[in-house]
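What follows is one structure encoded as structure tokens, with my remarks underneath.
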Amino acid sequence: MPTQPPDTPTLFALSTAPGRAGVAVIRVSGPNAGAALCALTGRAAPPEPRRATRARFRDPATGETLDDGLVLWFPGPASYTGEDMAELHGHGGRATIRALLDALAVLPGLTPAEPGAFTRRAFDAGKLDLTAVEALADLIDAETAAQRRQALRQKDGALARLVEGWRERLVRALAHLEATIDFSDEDLPETLLPSLLDDVAALEADIAAHLAEPPRGERLRDGVHVAVLGPPNAGKSSLVNALARREAAIVSAIAGTTRDVVEVHLDLDGFPVVLADTAGLRDSADVIEQEGVRRAHARAEAADLRLLLLDGGVEDPLDPAVAPLVADAETLVVLNKTDLRGAAPFPILPGGRAPLPLSLATGAGLQALLSMLTERVRSQSETGAAAPPALTRARHRHALEETRDALARAREAPLPELVAEDLRLAARALGRLTGRVDVEDLLDVIFGDFCIGK
């Protein structure tokens, strides 16, 4: 029997990627899902729940055979959406998919799903909180193993459990405080309010410590941005091509060939990297090259990591234009064209550091550079299984910052009533993070990130 009101629209959509494939899955969810399944298969009733059953799909209007496949039946509320739900597993040819979708479209009470509609219904049914919805989108978009692991951990509720634990502590403190306000004329212990404020301070410290962690989750989700910098003709574009293993950037002996920032996406040992090839750093009278240099400096400022490539083919590779970058101990400095130096000694960098030797012409040092770059990227984005759940979006960070600030105000508030108001605001901010409250303005954006059928 349907578990939803009969006037609720029943949604259908292709849940697998469109195009030519061996198998395609069409999802149907809503009060008429069972009737739709029976109409396409000629069955009197849906099959046994959660058991794949072979079926021949027919056009309900003409009886024409459309495909031969499998059906799965998930009666609500024990389904992804919390509603009655059916899945039709057919062959993934375009004509077959189109025929099945057209057959569903003419059935009464059925309507095509908008992007994210199934997941929106799962959220409304309490099957997923907002962080799990975001994690599902990240899992669909994951391109590296590390991104997949992070998305799975968040989807399984690691972040939600942490935030809900903080919220429970906050609600408990608020309940005790409201009791002291309501029964202020009673003979309550004088230590009650100071003890409560100690609990608030401890919670504030926990949230502040989490916010103080490097933004590894956001870096892992979006990719670690690495800016490749250096003087003209140092080999920056050649290095980007070597790391990407394809001709991603134009390589030329003419100085100033690279005028704009060229981005290349890499997978370094499971970690996503956005490698940016930039214009050569030098003084130039060319206004276009000046703009390229400006953009190179801007990318250097915004990057998570900076890789400075020096020209080892000249007598003094420490060009004044790159001196500030050389002095930065966090910048990975590489000396290219070491095959041209002969017996000339390597330059000594500020702080006694020596650059990493490299010859892109012979390949010498490339593997060592790749290993060092991978380790730097790993340290920027890896959290470890025992680490607290990472924040993966700016809205997570903003919600926790709002919570921390409200708790700080609560500790300084002169009256218990004002303390209680700030604690309510803090609890509301945590509730927004998981989707308990005030999320209507976010839902269209979040669910709009999904493909049709998710």
* Asked: Can you find a side-chain donor-acceptor pair between Thr131 and Thr434 that sits under 3.5 Å?
  -> no
* Asked: When you look at Glu401 and Leu211, which way does the side-chain contact (heavy atoms from CB on, under 4.5 Å) test go after all the steps?
  -> CA-CA 8 Å; Glu401 288 171 347; Leu211 285 169; 3.9 Å; yes
* Cation-pi between Arg27 and Phe118: NZ/CZ under 6.0 Å from ring centre and within 45° of the ring axis? -> yes
* Asked: Taking atom types as modelled, is there a side-chain donor on His89 or Glu87 under 3.5 Å from an acceptor on the other?
  -> yes
* Regarding Asp67 and His91, is there a side-chain donor-to-acceptor distance under 3.5 Å anywhere? -> yes
* Does the side-chain contact (heavy atoms from CB on, under 4.5 Å) test come out yes or no for Leu11 and Arg121, once each step is laid out? -> CA-CA 10 Å; Leu11 305 179; Arg121 290 195 173 185; 3.6 Å; yes
* Interatomic distance, Leu177 atom CG to Arg424 atom CZ [nearest 0.5 angstrom] -> 8.0 Å
* Are any of the side-chain heavy atoms of Asn32 and Leu107 separated by less than 4.5 Å? -> no
* To do: Check the side chains of Glu143 and His265 for a donor-acceptor pair under 3.5 angstrom, ignoring hydrogens and angles.
  => no
* Structure fact -> Output for pair (Lys236 NZ, Leu281 CG), nearest 0.5 Å, gives 7.0 Å
* Atom pair CG (Asp129) and CZ (Arg161), whose distance is rounded to the nearest 0.5 Å -> 10.0 Å
* Asked: If we ignore angles and hydrogens, is there a donor and acceptor under 3.5 Å between the side chains of Asp277 and Ser237?
  -> yes
* To do: For the pair Glu291 and Arg295, find out whether any cationic side-chain nitrogen is under 4.0 Å from an anionic carboxylate oxygen.
  => yes
* Derivation and outcome, side-chain contact (heavy atoms from CB on, under 4.5 Å), residues Ile207 and Leu407 -> CA-CA 10 Å; Ile207 293 176; Leu407 294 175; 4.1 Å; yes
* Please round to the nearest 0.5 Å and tell me the distance separating atom CG of Leu139 and atom CD of Gln154. => 10.5 Å
* Can you check salt bridge (Lys or Arg N to Asp or Glu O under 4.0 Å) on Arg378 and Asp269, steps first, answer last? -> CA-CA 9 Å; Arg378 185 191 304 277; Asp269 198 25; 2.4 Å; yes
* Taking atom types as modelled, find out whether Ser29 and Tyr80 have a side-chain donor-acceptor pair closer than 3.5 angstrom. => no
* Asked: Mind checking whether Pro60 and Leu40 have side chains closer than 4.5 Å, heavy atoms only?
  -> yes
* Between CG on residue Leu433 and CH2 on residue Trp166, distance to nearest 0.5 Å -> 9.0 Å
* **Gap separating the CZ atom of Arg393 from the CZ atom of Arg221, nearest 0.5 angstrom** => 3.5 Å
